[in-house]
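Here is how names work: the chains are called A, B, and so on, in the same order as the sequence lines, proteins then strands, and each is numbered from 1.
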Protein chains: 2
Amino acid sequence: MDRRQQKTRQAIFEAFSILLERKNFSNITVQEIIDEANVGRSTFYAHFETKDDLLKTMCTDIFQHVFYEDLKQESSHDFSHAGHDFEKEITHILYHLQDNRKKLKGLFSCDSGEIFMKYFRGYLQETFPSYAGKLHQKAPFEYVLNMTICSFAETVRWWISGDKDYTPEQLASYFMEYIS
Amino acid sequence: MDRRQQKTRQAIFEAFSILLERKNFSNITVQEIIDEANVGRSTFYAHFETKDDLLKTMCTDIFQHVFYEDLKQESSHDFSHAGHDFEKEITHILYHLQDNRKKLKGLFSCDSGEIFMKYFRGYLQETFPSYAGKLHQKAPFEYVLNMTICSFAETVRWWISGDKDYTPEQLASYFMEYIS
DNA sequence: ACGTTATAAAACATTTTGTTCGATTTCTAT
DNA sequence: ATAGAAATCGAACAAAATGTTTTATAACGT
């Protein structure tokens, strides 16, 4: 990828991130984004179809890092094998999310939050079913799984949006206690 | 209130509700709303400042009914007295929400969902703290309360959005099992 | 150093928004 | 029933935002 493209892409991402902390996604105009990012109008549209597209791209971008590139580098995470510890797994994800705190905060805010959480839940669908399956409850599995995923996503949101100073270990233990 | 005002207000609410099931809040134009509602442009703006205002008004409108007018008519709900049963309380709320299923479904959908859930959680803040206070967990009260409220809101969303045919009693028991 | 490709800047058509005004209909109170 | 008040319609309008196109310039990779 061309250096210039990387630069503009990054500039737009950062500008967008900053603006999201200041105001709602729906009230942000393309004009404001390109002013903050200091790029031309046509350049924006060369990279993204619409503002929605920008948001979606940013979501996949972040989660791609958190769930694949970062996590995959560490060897100790084979979800499928028997002795695997769910709480440890959660803690690891929290560490990687913590590293992206700055980028994440804006995305959690009001309008964009809905889209962002949708993506987040999508990625959690890959990790959580194997754990939720072990909980034997009277409620339908479908319900328990959905709730477990939502609860984790909300836990992270509460942590990041509220600037809570808990460590990943603490937060993971609170979460585990809550869903147990 | 003038009959004409009631009629247009209702027509706009219904049109909006129908459109929300078809497409995202942010992609709905005022033009589409007034076409569907069959009212003039100036009439729309006589009732609501903006599309956002319409959404907010509709949210408060619904919850006002569900949490005050409907619930207050029944005598058996004194949250403060000692023998009060949380699960019964939940069940009651679910009954009233069920009556508004049609109106609610659109509001839960993507873009509007974030605003709607915010209002929903706001109303739950009045009911839930007294219950969440009784759960003694290691996690901060603030966290447990937030999670309990979110979990209930998500439970309702899952129920309504997914057209699940569980009775309020069933759903309440699933929820109670989940948070216990 | 060369051809290629991204960007900037400005101009533009289009869409959506929100306002205004006069004519018309519908309400309420008497 | 009727007169006065109030809400609606519809059309026209200004303002703002979107998305596209063009050309010249600058930065890139080989």
Quick one: does [X] reach the base of [N] with a side-chain donor-acceptor pair under 3.5 Å?
X: Thr50(B); N: dG18(C); value: no
X: Arg3(A); N: dA27(D); value: no
X: Arg41(B); N: dG10(D); value: no
X: Arg4(B); N: dT26(C); value: yes
X: Thr8(A); N: dA6(C); value: no
X: Thr43(A); N: dA6(C); value: no

Nearest-angstrom distance from the residue atom [atom1] of [X] to [atom2] of [N]:
X: Gln6(A); N: dG29(D); atom1: CD; atom2: C1'; result: 13 Å
X: Glu49(A); N: dT20(D); atom1: CD; atom2: C1'; result: 13 Å
X: Gln31(B); N: dA11(D); atom1: CD; atom2: P; result: 12 Å
X: Asp35(A); N: dT7(C); atom1: CG; atom2: C1'; result: 16 Å

- Taking for each residue the nucleotide of DNA chain D bearing the nearest heavy atom, is the 5' side occupied by His47(B) or by Lys51(A)? His47(B)
- Task: Compute both the distance and the angle, then confirm whether Lys51(B) meets the cation-pi test with Phe25(B): under 6.0 Å from the six-membered ring centre, within 45 degrees of the axis.
- Result: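 Yes; both conditions hold, so Lys51(B) lies above the ring face of Phe25(B).
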- Message: Here's one to test your reading of the geometry: is the NZ or CZ of Lys138(A) within 45 degrees of the ring axis of Tyr174(B) and under 6.0 Å from its centre?
- Response: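 Negative - Lys138(A) is either too far from the ring of Tyr174(B) or too far off its axis.
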- Task: Decide whether Leu171(B) and Tyr95(B) are clustered together by the hydrophobic rule: side chain heavy atoms of Ile, Leu, Val, Met, Phe, Trp, Tyr closer than 4.5 Å, transitively.
- Result: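 Shared cluster, no.
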- Message: In terms of relative ring orientation, are His92(B) and His96(B) parallel, tilted or perpendicular, with 30° and 60° separating the classes?
- Response: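 The rings of His92(B) and His96(B) lie parallel, inter-plane angle below 30°.
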